[in-house]
Amino acid sequence: MTTPSAATPSTAPATGQPGSAPAPDGAPRGRGALGSVGLVLAGGISVQFGGALAVTLMPRAGALGVVTLRLLVAAVVLMVLCRPRLRGHSRTDWSTVIVFGVAMAAMNGLFYQSVARIPLGPAVTLEVLGPLALSVLASRRAVNLVWAALALAGVFLLGGGGGFSGLDPLGVAFALGAGAMWAAYIVFSARTGRRFPQADGLALAMAVAAVLFLPLGVIESGTRLVEPTTLALGAAVALLSSVLPYTLELLALRRLPASTFAILMSLEPALAATAGFLILDQALSAAEAAAIALVIAASMGAVRTQVGRVRPKGPKAERR
């Protein structure tokens, strides 16, 4: 579920690999870069189809239950793979990773509450406004007013003339809240990446998010969470939406420029709409399709403006 957390490409990621040198900023070169583009697209497809699978699981486990299963499974997998060191960290280190975990939990919880009420494509489109706003504010260039206007036009179309008459207002509010938490996620992902090596900070933040959400999932779903079918589907959602995309993007970012990665991530509302149509039979109207196209264009433009302003020496982009 998500898009360009590379909206702030000047920051370091929580998943950076020491010794991995991305290509110079610009168009990717060679077969390796093309393969990296394929990895990013595969990760985006995995995220969105994982989100669609989560929607099908909600009648069985509830939105909060699905989030709980996703976070728990992802936390266990990342903790086993990363084996983060628990000692030797300062109070500020732990405060940063805890806030990162809180942002992650809130982002996922709000997003799944949204897709329980409105179609997947519009939900992701509204959620993208969080990273987009962060990119526009970080750049502080007049041209970004154009991208903001495009995004607002997309939101206006998505709302059927501005009133969101065709969408559940509560679902819209949850999606916008998820976008705000996504922006916070980006900020604290970068701060966590500067304080913890490899993916240790991400694994610890995922564990924090899982612990925070566990009581909510138990209250809503109770023993339904431990039914074999529910557990299996929840594990599939975690692997598709968290573990597999993270792995694919980590490999891709060793060769792919941050700007190219961010632009590819801007396509995720379209991938979400496709997943919603194929799996959930959620067809889009012409106005909704146009709205998604406008938000994608705004995201791409904002990312290109930001990257053009700051030519980094190989920063990477983090994504939820």
Side-chain angles (χ1 to χ4, degrees), residues 1-5 7 47-48 50-52 54-55 57-59 61-68 70-71 99 101-137 147-188 209 212-213 215-217 219-221 241 268-270 272-273 275-276 280 282 284-285 287-292 294-296 298-299 302 320:
M1 35 179 205
T2 87
T3 40
S5 27
V47 166
Q48 302 309 335
V55 174
L57 181 58
M58 286 177 186
L64 298 181
V66 172
V67 177
T68 300
R70 173 185 169 173
L71 293 176
V99 174
V102 170
M104 186 185 300
M107 175 182 65
N108 280 278
L110 290 168
F111 179 78
Y112 278 89
Q113 289 288 343
S114 173
V115 296
R117 294 169 171 83
I118 64 176
L120 186 61
V124 173
T125 302
L126 290 168
E127 187 192 26
V128 170
L129 296 179
L132 176 60
L134 181 62
S135 180
V136 170
L137 292 173
W147 312 132
L150 274 180
L152 289 175
V155 172
F156 185 84
L157 277 177
L158 202 58
F164 289 99
S165 56
L167 297 174
D168 185 325
L170 190 56
V172 170
F174 280 133
L176 293 174
M181 288 299 100
W182 193 357
Y185 171 96
I186 294 169
V187 172
F188 283 95
L212 288 174
F213 234 94
L216 298 177
I219 290 172
E220 180 178 79
S221 304
S241 298
E268 289 217 6
L280 305 173
Q282 296 176 344
L284 295 177
S285 67
E288 288 172 334
I292 290 174
L294 285 173
V295 174
I296 290 173
S299 296
R320 68 185 174 90

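Since this is a predicted model, take the numbers as computed values, not measurements.
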To the nearest 0.5 Å, tell me how far M181 CE sits from L176 CG.
12.0 Å
Restricting to side-chain contact (heavy atoms from CB on, under 4.5 Å), what partner residues turn up for A275, sequence neighbours left out?
Q48, F49, A52, L120
Quick check against the 3.5 Å criterion: does S114 have a side-chain atom that pairs as donor or acceptor with the backbone of A123?
no
What closest approach, in Å, do L126 and A175 show between heavy atoms, and which atom pair accounts for it?
CB-CB, 3.8 Å
Taking all heavy atoms of A272 and all of V124, pick out the closest pair and write down the distance.
CB-CG2, 3.5 Å
State the CG-OG1 distance between N108 and T68, to the nearest 0.5 angstrom.
10.5 Å
Who passes side-chain contact (heavy atoms from CB on, under 4.5 Å) against Q113, sequence neighbours left out?
A63, L64, R117, F174
Give the minimum heavy-atom separation between P119 and L167, together with the two atoms involved.
CD-CD2, 3.9 Å
Heavy-atom pair with the smallest gap, counting every atom of A178 and M107
CB-O, 3.8 Å
Heavy-atom pair of closest approach, residues A209 and G101
CB-O, 3.4 Å
Please list, chain by chain and in numerical order, all residues satisfying side-chain contact (heavy atoms from CB on, under 4.5 Å) with A54, sequence neighbours excluded.
V66, Y112, V237
Got a sec, which residues hit side-chain contact (heavy atoms from CB on, under 4.5 Å) with L294, two or more places apart in sequence or on another chain?
L150, A153, L157
In short, T125 meets I292 closest at the heavy-atom pair OG1-CG1, 3.1 Å
Check whether any side-chain heavy atom of W182 sits under 4.5 Å from a side-chain heavy atom of V128, and report yes or no.
yes
